Engineer: 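Structure incoming, see below.
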There are 2 protein chains.
Amino acid sequence: MFRESKQREAILRFVKGTSSHPTANHVHEEMRKEIPNISLGTVYRNLKLLKREGKISELDIADSKSRFDGNPHNHYHFRCERCGRVFDVDEPVNKEIDKRIARKTGFKVSHHILEFRGLCRDCQSSNE
Amino acid sequence: MFRESKQREAILRFVKGTSSHPTANHVHEEMRKEIPNISLGTVYRNLKLLKREGKISELDIADSKSRFDGNPHNHYHFRCERCGRVFDVDEPVNKEIDKRIARKTGFKVSHHILEFRGLCRDCQSSNE
DNA sequence: AAATTAATAGTAATGATTACTATTAATTAC
DNA sequence: GTAATTAATAGTAATCATTACTATTAATTT
Ligand SMILES: [Mn+2]
Ligand SMILES: [Mn+2]
Ligand SMILES: [Zn+2]
Ligand SMILES: [Zn+2]
């Protein structure tokens with residue numbers, strides 16, 4: 001099914017070897033150092049393919065369209081992976097965890113964003 | 001400083017009154033029902049302005065560029081709001097919370113995404 | 001070595017968002 | 001109330017990340 005290519009090997013090697021969480025463009029720039037004419041399309045295609053294969057992951061969280069919320073206060077959400085709807089989750093915000101992370105890392109933590117993923121009730125019952 | 005406009009009032013009223021977490025386009029479609037020639041630019045401008053004023057919020061989480069990760073397993077991140085860098089957070093993934101949310105909501109929760117926000121060490125020390 | 005076809009390079013298209021600009025309308029000054 | 005001021009708008013153009021397309025290249029099989 002899949003054929004090997006030096007482009008894909010190099011992309012996987014680089015992404016596996018860095019903790020910089022690079023963007024597609026960053027990966028492309030890095031790749032050009034060893035494969036000068038590698039195309040940006042190849043980088044995108046292989047990042048997506050390697051993700052599908054479970055070899056790497058993507059920090060997407062939201063999809064391309066931003067969503068707005070009449071509630072200006074921090075709260076948690078659930079996003080259905082099938083229908084895309086976003087629901088509020090009535091769970092108290094854990095302020096302690098920000099302090100713990102701040103202590104452990106030395107970072108100044110102002111807040112955190114927590115989003116649950118899965119299937120909403122409608123999408124569980126609908127078959128296919 | 002700010003003048004009132006029926007467009008901005010209508011946008012705020014709608015976003016405050018729904019729990020659908022609408023996209024900018026969804027807001028625009030809804031607005032056209034009462035202000036038929038309202039422009040999409042006006043919707044975007046006012047959503048951003050209302051967010052700045054703290055009256056609504058945005059479920060952005062990531063910025064426009066997606067980032068990739070050589071670690072394919074679920075783990076937590078810290079994103080610096082000043083320099084934009086993303087760091088791994090060495091905190092065990094809380095699997096219990098998924099079960100609790102599933103019990104409370106009836107949703108099928110497959111996983112959750114947790115991202116801390118604030119200032120990294122470098123950006124705390126750099127003045128200005 | 002030839003045939004097959006997955007993968008690539010390069011470019012065009014897409015789609016959400018932002019920028020621009022002439023016009024409209026809310027507010028202020030008289 | 002009317003004119004002056006200028007923030008806000010409508011409509012359109014530009015931007016930018018990502019995806020789609022297509023002729024060519026190259027990995028694999030026969
Ligand atoms: Mn919400
Ligand atoms: Mn990571
Ligand atoms: Zn659903
Ligand atoms: Zn920083």
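Chain letters run A, B, ... following the sequence lines, proteins first and then strands; every chain starts at 1. Worth saying up front: this structure is predicted, and the values here are computed from it rather than measured.
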Engineer: Using a cut-off of less than 4.0 Å, is there contact between a side-chain N or O of B:Gln7 and OP1 or OP2 of D:dA10?
Structural biologist: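 So the side-chain polar atoms of B:Gln7 do come within 4.0 Å of the phosphate oxygens OP1 or OP2 of D:dA10, strictly under.
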Engineer: Checking contacts here: which listed nucleotide (C:dG10, C:dT27, C:dA7) is nearest the side-chain heavy atoms of A:Arg8?
Structural biologist: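 Selected nucleotide (nearest to the side chain): C:dA7.
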Engineer: Nearest to the A:Ile35 side chain among C:dT8, C:dA9, C:dA7, which nucleotide is it?
Structural biologist: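 So the side chain of A:Ile35 is nearest to C:dA9.
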Engineer: Respond yes when some side-chain nitrogen or oxygen of B:Asn25 is under 4.0 Å from OP1 or OP2 of C:dT17, and no when none is.
Structural biologist: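 The answer is no; no side-chain N or O of B:Asn25 sits under 4.0 Å from OP1 or OP2.
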Engineer: Can you tell which of D:dA17, C:dT8, C:dA16 lies closest to the side chain of B:Ser64?
Structural biologist: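 Closest of the options to the side chain of B:Ser64: D:dA17.
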Engineer: Expressed as a whole number of angstroms, how long is the span from B:Lys65:NZ to C:dA16:C1'?
Structural biologist: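 Between C1' of C:dA16 and NZ of B:Lys65: 16 Å.
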Engineer: In whole Å, I'd like the distance from the NE2 atom of A:His26 to the C1' atom of D:dC16.
Structural biologist: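 The distance from NE2 of A:His26 to C1' of D:dC16 comes to 19 Å, rounded to the nearest Å.
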Engineer: Return the orientation label for the A:Tyr76 and A:Phe116 ring planes: parallel under 30°, perpendicular over 60°, tilted otherwise.
Structural biologist: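 Perpendicular: the ring planes of A:Tyr76 and A:Phe116 meet at over 60°.
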Engineer: Separation of B:Glu4 atom CD from D:dT6 atom C1', in whole Å?
Structural biologist: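 Atom-to-atom, B:Glu4 to D:dT6, this comes out as 16 Å.
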Engineer: Mapping A:Gly41 and A:Ser66 onto DNA chain C by nearest heavy atom, which one lands closer to the 5' end?
Structural biologist: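 Result of the comparison: A:Gly41.
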Engineer: Kindly point out which of D:dT9, C:dG10, C:dA7 is positioned nearest to the side chain of A:Arg45?
Structural biologist: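 Looking only at heavy atoms from C-beta outward on A:Arg45, the closest nucleotide is C:dA7.
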Engineer: Partner of C:dA22 by Watson-Crick or G-U wobble geometry, both contacts under 3.5 Å, or none?
Structural biologist: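 Per the H-bond distance test, D:dT9.
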Engineer: Name the pairing partner of C:dA3, where a pair is Watson-Crick or G-U wobble with both distances under 3.5 Å, or state none.
Structural biologist: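 Across any shown strand, C:dA3 pairs with D:dT28.
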Engineer: Indicate whether OP1 or OP2 belonging to C:dT17 is found under 4.0 Å from a side-chain N or O atom of B:Tyr44.
Structural biologist: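 Answer is yes, contact under 4.0 Å.
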Engineer: Nearest whole angstrom, please: distance from the P of D:dA26 to the CG of A:Asn37.
Structural biologist: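 One finds 9 Å between P of D:dA26 and CG of A:Asn37, rounded.
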Engineer: Within a 6.0 Å radius of atom NZ on B:Lys95, are there more than 12 heavy atoms belonging to other residues, nucleotides or ligands?
Structural biologist: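 No, the 6.0 Å shell around NZ holds no more than 12 heavy atoms from other groups.
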Engineer: Just by distance, no angles: are the side chains of A:Asn74 and A:His112 close enough, under 3.5 Å, to form a donor-acceptor pair?
Structural biologist: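 No, no side-chain donor-acceptor contact under 3.5 Å.
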Engineer: Could you tell me whether A:Glu34 and A:Arg13 make a salt bridge, using a distance below 4.0 angstrom between a side-chain N and a carboxylate O?
Structural biologist: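 Judged by the 4.0 Å cut-off on N to carboxylate O distance, A:Glu34 and A:Arg13 do form a salt bridge.
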Engineer: For the side chain of A:Lys48, counting heavy atoms from C-beta on, which of D:dA10, D:dA20, C:dT18 is nearest?
Structural biologist: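 Per side-chain heavy atoms of A:Lys48, the pick is D:dA20.
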Engineer: Calculate the interatomic distance between B:Ile38 atom CD1 and C:dA25 atom P; express it in whole Å.
Structural biologist: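 Rounded to the whole Å, the gap is 13 Å.
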Engineer: Any idea which of D:dA17, D:dA10, C:dA7 is nearest the A:Ser5 side chain?
Structural biologist: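 Among D:dA17, D:dA10, C:dA7, the one nearest the side chain of A:Ser5 is C:dA7.
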Engineer: Classify the side chain of B:Arg3 versus the base of D:dT6 as yes if they form a donor-acceptor pair under 3.5 Å and no if they do not.
Structural biologist: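 Flag set: donor-acceptor pair detected.
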Engineer: In whole angstrom, what separates A:Arg67's CZ from C:dA16's P?
Structural biologist: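 Rounded to whole Å, this separation is 13 Å.
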Engineer: Taking the side chain of A:Thr42 as its heavy atoms from C-beta onward, which of D:dT9, D:dA7, C:dA9 lies nearest to it?
Structural biologist: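 My answer, after comparing the listed nucleotides, is C:dA9.
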Engineer: Only one of A:Glu58, A:Lys16, A:Lys51 forms a side-chain contact (heavy atoms from CB on, under 4.5 Å) with B:Pro72, so which one is it?
Structural biologist: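 Among the candidates, only A:Lys16 passes.
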Engineer: Specify whether A:His77 and B:His21 have parallel, tilted or perpendicular ring planes, treating 30° as the upper limit for parallel and 60° as the lower limit for perpendicular.
Structural biologist: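 Plane angle over 60°, so perpendicular.
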Engineer: Distance check needed: C:dT8 P versus A:Met31 CE, whole Å only.
Structural biologist: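 Value for this atom pair: 13 Å.
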Engineer: Whole Å only: how far is the NE2 atom of A:His28 from the P atom of C:dT8?
Structural biologist: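 Between P of C:dT8 and NE2 of A:His28: 12 Å.
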